[in-house]
Number of protein chains: 2
Amino acid sequence: MDTGAREGGNALLFLTDEQLRKGIEAMFFAYQGFTADPDRILADLAYGRAHHRAIHFINRSPGTTVNNLLAILGVTKQSLNRVLRALVEDGLVKSEVGQRDKRERHLFLTDAGIALERRLSDAQRDRMRAAYRAAGPEAVAGFRQVLEAMMDDKSAARYAALKELKG
Amino acid sequence: MDTGAREGGNALLFLTDEQLRKGIEAMFFAYQGFTADPDRILADLAYGRAHHRAIHFINRSPGTTVNNLLAILGVTKQSLNRVLRALVEDGLVKSEVGQRDKRERHLFLTDAGIALERRLSDAQRDRMRAAYRAAGPEAVAGFRQVLEAMMDDKSAARYAALKELKG
DNA sequence: TTGGAATGTCAACAAAGCTGACGTATTGTG
DNA sequence: CACAATACGTCAGCTTTGTTGACATTCCAA
């Protein structure tokens with residue numbers, strides 16, 4: 001860490017506008033790859049990325065409330081509600097009234113929801129795994145470092161909130 | 001490169017589902033940061049990311065044709081046309097009939113377009129630069145490696161097509 | 001008991017993608 | 001020359017996913 005500043009000469013060449021532009025474009029096209037496989041699966045089911053995200057985070061934190069999910073996703077409740085309603089109607093998500101606080105709805109995946117989550121995350125993980133394997137562990141460490149440094153405050157807060165839950 | 005396979009024991013720990021999940025989530029939240037700053041600027045102008053992308057690639061390859069742009073962006077001509085029309089009407093892009101082939105329209109940024117492009121890319125580059133600086137050159141190399149390995153075929157082809165143009 | 005928080009719903013709207021169809025100008029080819 | 005193909009634009013309509021604003025319900029807590 002902090003190598004760039006200490007090394008002399010042209011060690012800062014990785015910060016040129018050209019290099020930054022390449023990074024920006026790589027990020028753009030990589031994100032397309034990142035979402036391509038789940039998108040294909042979702043298209044067949046008349047779902048979109050919003051459904052994928054909801055399923056992902058419900059799976060990650062079973063029993064989470066609607067408000068929690070709202071905070072993580074950073075969308076309006078109306079937007080999330082539409083997605084959630086479809087998932088509940090289709091029997092992929094179940095929403096249970098809270099016991100301690102009956103205003104809250106706790107969200108769980110049904111067996112069908114778990115099955116779809118697995119299809120989606122398997123597809124996404126397969127691509128990620130292939131990329132990781134091709135690039136090697138050091139590259140992966142750098143990848144994660146840069147990504148975490150790139151988050152804006154809101155996204156970083158959401159990311160941090162997740163860490164407190166699990167890993 | 002290819003370290004993972006050679007090293008013994010638990011050198012493949014970076015390929016666990018947990019690690020992959022973290023990478024997936026980091027990618028999701030980092031992309032929000034990646035687009036947050038330009039999005040703020042665009043919102044004031046009643047533009048969206050689609051406009052940003054068009055402006056970016058016209059700036060990158062001045063005189064490019066509509067078809068070229070279509071291929072790079074991977075959207076339909078109707079979708080691009082809507083965006084392009086707004087940009088031309090607002091005087092940010094000019095469209096010139098081709099000399100060799102009069103069916104083609106060659107796209108250029110006007111001075112106003114160049115100014116907006118600079119605002120947008122400055123904002124995006126600033127964040128990218130800060131992330132790069134914080135992570136250091138080795139991390140950046142890894143970042144780029146993983147991103148390039150993550151692209152799907154179509155996106156990789158688009159990315160490669162760009163490389164042939166400039167860097 | 002009353003105020004506020006959590007949730008849900010209705011309506012309306014916008015951005016940005018899509019398909020399909022059609023028109024026009026231009027170019028290349030048989 | 002005639003015709004097919006290409007490049008581009010446009011109209012119409014549909015989808016997903018986001019947004020505001022307004023309002024009702026339920027329920028906890030002061």
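What's counted below: heavy atoms across the whole structure, side chains too, no hydrogens, waters or symmetry copies. Being a predicted model, the structure only gives us computed values, none of them experimental. Order of the sequence lines fixes the chain letters, A, B, ..., with proteins taken first and strands second; residue numbering starts at 1 for each chain.
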A:Asn81 vs C:dT7: side-chain N/O to OP1/OP2 distance below 4.0 Å
no

For D:dA7, does OP1 or OP2 lie under 4.0 Å from any side-chain N or O of B:Arg105?
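Checking D:dA7 against B:Arg105, no side-chain N or O comes under 4.0 Å of OP1 or OP2.
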
Would you kindly check whether a donor in the side chain of B:Gln78 faces an acceptor in the base of C:dG20, or vice versa, at under 3.5 angstrom?
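Side chain to base: pair present.
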
Check: C:dT7 base within 3.5 Å donor-acceptor of A:Lys77 side chain
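Yes, the side chain and the base share a sub-3.5 Å donor-acceptor pair.
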
Distance, rounded to the nearest Å, where [X] contributes [atom1] and [N] contributes [atom2]:
X	N	atom1	atom2	value
B:Arg103	D:dT6	CZ	C1'	4 Å
B:Leu107	D:dC8	CG	P	8 Å
A:Leu42	D:dT16	CG	C1'	12 Å

Quick one: are B:Phe57 and B:Leu73 in side-chain contact, heavy atoms under 4.5 Å?
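Yes, at least one pair of side-chain atoms sits under 4.5 Å.
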
Picking from C:dT9, D:dC8, C:dA6, the nucleotide nearest the side-chain atoms of A:Glu104 would be C:dA6

Can you give me every donor-acceptor pair (side chain of residues 77-84 of chain B, partner residue at least two apart or in another chain, under 3.5 Å) with its distance?
| unit_1 | atom_1 | unit_2 | atom_2 | d |
| --- | --- | --- | --- | --- |
| B:Asn81 | OD1 | B:Arg85 | NH2 | 3.3 |

For the residue pair B:Glu25 / A:His56, report whether a side-chain donor-acceptor contact shorter than 3.5 Å exists.
yes

How would you label the contact of A:Arg82 with the nucleic acid (heavy atoms, under 4.0 Å): base, sugar-phosphate, or nothing?
base

If you measure from CD on A:Gln124 to CZ on B:Phe28, what distance do you get to the nearest 0.5 Å?
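Separation between the atoms: 10.5 Å.
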
